[in-house]
Amino acid sequence: MACLPSLSLAATVGLDPSSLRSRVSGHVSPLAVEKPPGICCGTNNASASPTATLEVESLDFREGLSVLEDGTGLGPFDYVPLLQECMERRLVSDAEAVHAHIIKTGAREDLYVMTFLVNVYAQCGAMIAARKVFDGLPRRNVVTWTTLITGYVHNSEPELAIRVYLEMLEAGSYPTNYTLGIALNACSSLRSLELGKQIHAYIVKYRIEQDASIGNALCSLYSKFGNLDYAVKTFRGITEKNVISWTAIISACSENGEAASGLSFFSEMLWENVEPNEFTLTCVLSLCCTVMSLSLGKQVHSLSIKSGYQLNLPVRNSAMYLYLKCGLVDEAYKLFNEIESSSLVTWNAIIAGHVQIMDFASDNLSAYQGGTRALEIFLRMIHSGLKPDLFTFSSVLTLCSKLVAQEQGEQIHAQTIKTGCLSDVVVGSALVNMYSKCGSIRRASKAFVEMSTRTLISWTTMITNFAIHGKTQQALQLFEDMRLVGVKPNQITFVGVLAACGRSLMVDEALNYFEMMQKEYRIKPVMDHFELLVDMFVMSGRIDEAFDLIKKMHYEPNEFIWSALITGARLHRNPELGLYAAERLIKLEPRDSETCVPLLKMYRAVERWIDMLNVEKLMRELQPVKLRDWSWICIKGKVYSFEPNEQFCPGNNMEMHMLLEDLLGRAKTLGYEFSGSSELMDNEDANISSRIHQSEEFAIAFGLLNTPKAAPIQIIKNTSMCQNCHDFIKCLSILTARKIVIQDRKRLHKFVDGKCSCGDFWGLL
DNA sequence: CTAGGGTTAG
């Protein structure tokens, strides 16, 4: 067989395993038994001591070279320290300098040195140079071949790696366990299970699965193909498990969403007295982060310091990320600032961490402050000359969606196009979400249509966002499209679908989908689904059905559900049900002051004054954390925050007040009426004759004064809007001819020409 | 042969 198989994937997959086997018949022993001394350590002249030569290690690299210049009659091993230095510095120019020198002194006759050189070029990412050196060699051994294959795998060229692997067999070299390991790795990068299986068959035939190098590679191969059971089986079969075996199985668990199993493998590993290395620790720290176990994470972190890995970058990145996500922000910053040569991953981690804790910060205020900080960090990162990648873009787009920062989001959109990152599904999905959350459903759906591939999350994002914008038909249509394409919806998809139905009070459809979710897709309903359905029943005046559903839940209903039922009971004059629900709500010790408002209204309606006083007392206790009303606006990458009746605004206070008073006057001519404070929590101020400005009104005024004419005004608010402001802002959208977008606690409001996209449920409540 | 950072809801 003179010619090599073609490079195409089809051809490599179609490779006949017998062709592999035939080459080794009669040669089982070297394959199964012989362990090569290593890829970059010597195979020949192993007795010669590579380090006992010139003392170049203490010298500067260039000086080292010049020492060599002066020397005469150098042996090949004189190059070893220099080549080692090259490996660490990873500079092609260094490698070239040494290479030239090697040619000059004739050391190129030495296979060990030349193999090392191939490895150096490969580590520098210079695969063309590596290949050239390789091709120029008069002879090669299996280590040389394996080195080249490894280089291709590490430089993301698995097709070439496989091709070289086949060339090697062709040339009559027998793979070692290392060669097979890296070849398996190439298969997993290629997503070629077929070829992997062929190599596996070969491995099984020669009974070398128990070998650590091969077993480890198999373990991670199965893991990458989502078969954790096989990975575990392979791991268990390895006779002499090393640290790498343990790390491989732990990371396999991590990869397949089995964080808890990963952690138990880790503890088993410690029981077996196997010492974790920096790879293990990094992976375990990330598992602690997944399960949000700060206490375990702290222990693992101190273990890594004790083991001498405190300076290892991945370890530090993981620890930093863990502390940030568990709320130890100062601790995380300490690590961040101490990292000297921070990598892109470091920056990505601190940005992503901030974005994620926005969801579960103890109060909204600190969440948005965290978001502000993340935006600053991102801008600082750009300023320092680092190039953002897929990870950065997806996090920052999500950040923009949470900050309702469209201007910033648009700039990032442009960047993703320029860098080619937009073709990534995750980035694409994040972009869709960003435009929608900034109030532009049109651009969101354009971005969605332009995606070349879509995942479950992409579809879910778009469906949910149609629902948020009140586009029920589009949401449901898209859901059907998604099913047609064969993508299986998940729990969250149905949250979007039910929300879409709820928005249009399509009760029957909602119930159909609810049933479909359970019967056809075997998805257990969670609290979110019940909340949406109860809400829909209440809005439709079907209180009894709401209560029936609550009784059927196999969860303890939460405060939002009782609160919705209370509202329904009050509106539809069912005091008994209302009082019952109130009792249940109070038992839950509501942590959210907004759920108490319906409670107060109901007690007042049935004249239960003592109960009312008690609830008010309860609310006063909650007040400091929850009731403070804040709004934010993001302009040119800066976030400005506002409180009600702002005394010290970031802008010109007087100008903002005057503008608001003027607008208020003109709104009245449009029929706006101030109906007293509808917020019961502001009861003290309810009698004050002058109108109180809520925080979002200041934010709008600031936006009007500081953005170009006709630019949309985009705001976030940590509490729910009151009806008063809602009416007023409808007028503002006419008076100022601007689109005004407000993301409040509960929903997205998009005010255009006096109308809001939220569907105006206010009248009902 | 083994490691760190990303997207959807509430």
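Residue numbers start from 1 in every chain, and the chains themselves are labelled A, B, ... in the order their sequence lines are given, proteins ahead of strands. Computed from heavy atoms alone, side chains included, the values below leave out hydrogens, waters and symmetry copies.
Distances from the side chain of A:Asp528 to the nucleotides B:dT8, B:dG5, B:dG10 place B:dG10 closest. Counting only heavy atoms from C-beta on, A:Thr398 has its side chain closest to B:dT8 among B:dG5, B:dC1, B:dT8. The A:Asp359 side chain lies nearest to B:dG10 when the options are B:dG10, B:dG5, B:dC1. With distances taken from any side-chain atom of A:Lys224 to the nucleotides B:dT2, B:dA9, B:dG4, the minimum falls on B:dT2. Out of B:dT2, B:dG4, B:dT7, the shortest distance to the side chain of A:Asn317 is found at B:dG4.
Taking the side chain to side chain contact (heavy atoms under 4.5 Å, CB included) definition, one finds that A:Thr419 meets it with A:Phe393, A:Cys421, sequence neighbours left out. For A:Leu748, the side chain to side chain contact (heavy atoms under 4.5 Å, CB included) test picks out A:Ile468, A:His469, A:Val741, A:Gln743, with sequence neighbours left out.
In terms of phosphate contacts, A:Gln491 brings no side-chain nitrogen or oxygen within less than 4.0 Å of OP1 or OP2 of B:dG10. A:Asn216 has no side-chain polar atom (N or O) that falls below the 4.0 Å cut-off from OP1 or OP2 of B:dT2.
Exactly one of A:Lys298, A:Glu331, A:His301 qualifies for a side chain to side chain donor-acceptor pair (under 3.5 Å) with A:Tyr323. That residue is A:His301. Here the rule is side chain to side chain donor-acceptor pair (under 3.5 Å) with A:Tyr521, and of A:Arg483, A:Lys488, A:Gln491 only A:Arg483 fits it. Just one of A:Ile550, A:Leu549, A:Asn558 meets the side-chain contact (heavy atoms from CB on, under 4.5 Å) condition when paired with A:Phe530; it is A:Leu549.
A heavy atom closer than 4.0 Å to some atom of DNA chain B occurs in A:Phe279, A:Thr282, A:Ser286, these being the qualifying members of residues 279-286 of chain A.
Among the protein residues, A:Glu255 comes within range of no part of the nucleic acid, since none of its heavy atoms lies under 4.0 Å from any strand. Residue contacts for A:Lys437: at a heavy-atom cut-off of 4.0 Å it reaches the sugar-phosphate backbone alone, with no base atom in range. Using a 4.0 Å heavy-atom criterion, one finds that A:Thr461 contacts the sugar-phosphate atoms exclusively. A:Leu344 comes within 4.0 angstrom of a base, heavy atoms only. Among the heavy atoms of the strands lying under 4.0 Å from A:Val426 is at least one base atom, whether or not backbone atoms are also near. Residue contacts for A:His154: at a heavy-atom cut-off of 4.0 Å it reaches the sugar-phosphate backbone alone, with no base atom in range. Within the 4.0 angstrom heavy-atom criterion, base atoms lie near A:Val427.
Put simply, the side chain of A:Asn312 and the base of B:dG4 share no donor and acceptor less than 3.5 Å apart.
Between A:Asn242 and A:Ala212 the shortest heavy-atom distance is ND2-CB, 3.7 Å.
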